[in-house]
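Have a look at the structure below before the remarks.
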Amino acid sequence: MEIKGFGVEEWLNKNEKAAQFDISQSTISSLTLGELLSFDSQDPTATFTKYLNTKLNYGWIEGSPEFKKLVAQLYDQVDSQNILQTNGATGGNFLALFSLLNPGDHIISLYPSYQQLYDLPKSLGVKVDEWDLKESLNWQPDLAQLRQLISPKTKMICLNNAQNPTGSLLNKALLEQVVLLARKVGAYVLADEVYQPVDKIDEFPDIADLYEKGISVNSLSKTYSVPGLRIGWIATQSKELADIFRKYRDYTMISGGVVNDTLACMTLRNRKAILQRNGKLVQRNHKILEQWVKNQPKVEIIMPEQVSTACVKLNIQMHDEEFCEELLQKTGVLIVPGSRFDMPGHARIGYCTDTETLKIGLKKLGDFLNQCE
Ligand SMILES: Cc1ncc(COP(=O)(O)O)c(C=O)c1O
């Protein structure tokens with residue numbers, strides 16, 4: 001099985017530990033274990049001690065009943081039996097693609113977006129058509145193009161909502177149109193929803209709520225600030241679909257592990273408080289980014305929703321990859337070259353790091369840009 005290297009992952013794996021000012025990441029500033037425990041109890045040490053008797057067996061295979069119940073509460077139409085815990089959203093995407101697609105199938109993927117959603121299916125022998133996100137449409141796709149691409153042979157439409165790296169959001173009205181088109185041909189709609197905007201999360205249009213063949217993938221890695229737990233999930237209205245995922249899941253993952261499940265439940269139980277903390281951070285940093293761009297003649301931006309990634313256009317002669325490499329070497333600032341997302345001439349800024357790092361990182365990035373032609 002041939003597969004293309006994962007552009008953004010390869011860039012981060014190589015460079016993130018060398019960065020002094022990391023403004024490349026897509027998580028809202030990660031919580032420490034102590035911070036998470038403090039959300040859950042006034043005496044985190046006692047909570048920690050309580051868990052010392054936890055047996056490190058496999059735990060609940062599909063995720064604990066508490067986990068499944070807490071996740072099901074995030075949806076209107078999904079029963080907890082149709083929630084399966086996965087190894088992050090990456091694990092959820094993989095499970096959906098691996099379970100449902102066969103060589104020769106046709107799918108349509110939002111593009112550019114998360115590379116897993118088009119290059120993994122290609123590696124499985126699937127024909128992938130790209131549904132373009134257009135900068136001229138404020139990083140929205142054009143429904144007319146989807147109408148042209150879709151056919152009775154289309155098995156799945158893959159979306160990333162909100163979208164990495166632009167931070168743009170597909171709204172409910174657009175998703176309803178996508179569902180109408182998909183329903184006509186019986187196609188699944190898979191949506192990777194890890195970047196739900198922190199200020200609109202309660203009214204977010206989850207695809208699993210909107211469509212009987214919708215598959216929502218999500219995780220605790222971005223909006224919930226605990227990527228290190230490696231806990232995500234796959235959610236669907238359909239018991240039949242969930243059973244297909246169960247079957248394939250047994251070959252790829254046994255469980256998420258008792259410790260991670262326990263901490264995942266803690267995160268979900270304290271969801272409101274964590275979202276409050278994150279809402280403040282995103283709002284503050286969003287303003288700083290917006291202000292910074294206003295004073296930068298060599299940078300343009302379509303501001304992201306209140307999600308943790310942003311995509312800037314670089315008006316310089318240097319290639320974006322070379323620019324980002326030099327930036328890191330000379331200033332210690334890490335961002336992601338747009339070419340890693342098939343978006344040359346652009347760069348991803350992960351602006352939801354701690355505010356001090358963002359301020360220093362942007363200042364150094366601005367000074368460096370000023371020296372470029
Ligand atoms: C769209 C998207 N989905 C999934 C992931 C990975 O999520 P997880 O850590 O839950 O596997 C990323 C991380 O960059 C992402 O951008």
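Basis for what follows: all heavy atoms, side chains included, without hydrogens, waters or symmetry-related copies. Counting convention: from 1, in listed order, for ligands and their atoms alike.
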N260 side chain to L229 backbone, donor-acceptor under 3.5 Å: yes

Would you check if the distance from the ring center of F94 to the ring center of Y248 is below 6.0 Å?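 For F94 and Y248, the ring centres are not under 6.0 Å apart.
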
Above 12 or not: heavy atoms from other molecules or residues under 6.0 Å from OH of Y58? no

Hey, which residues fall under 4.0 Å of ligand 1 on heavy atoms? S26, G88, A89, T90, Y114, N160, N164, D192, V194, Y195, S219, S221, K222, R230

For K364, the side chain to side chain contact (heavy atoms under 4.5 Å, CB included) test, sequence neighbours excluded, returns F21, T331, V333, I360

For D250, is there an ion pair with R246 - N to carboxylate O distance below 4.0 angstrom? no

My understanding is that only one of T309, N278, V194 makes a side-chain contact (heavy atoms from CB on, under 4.5 Å) with K222; could you say which? V194

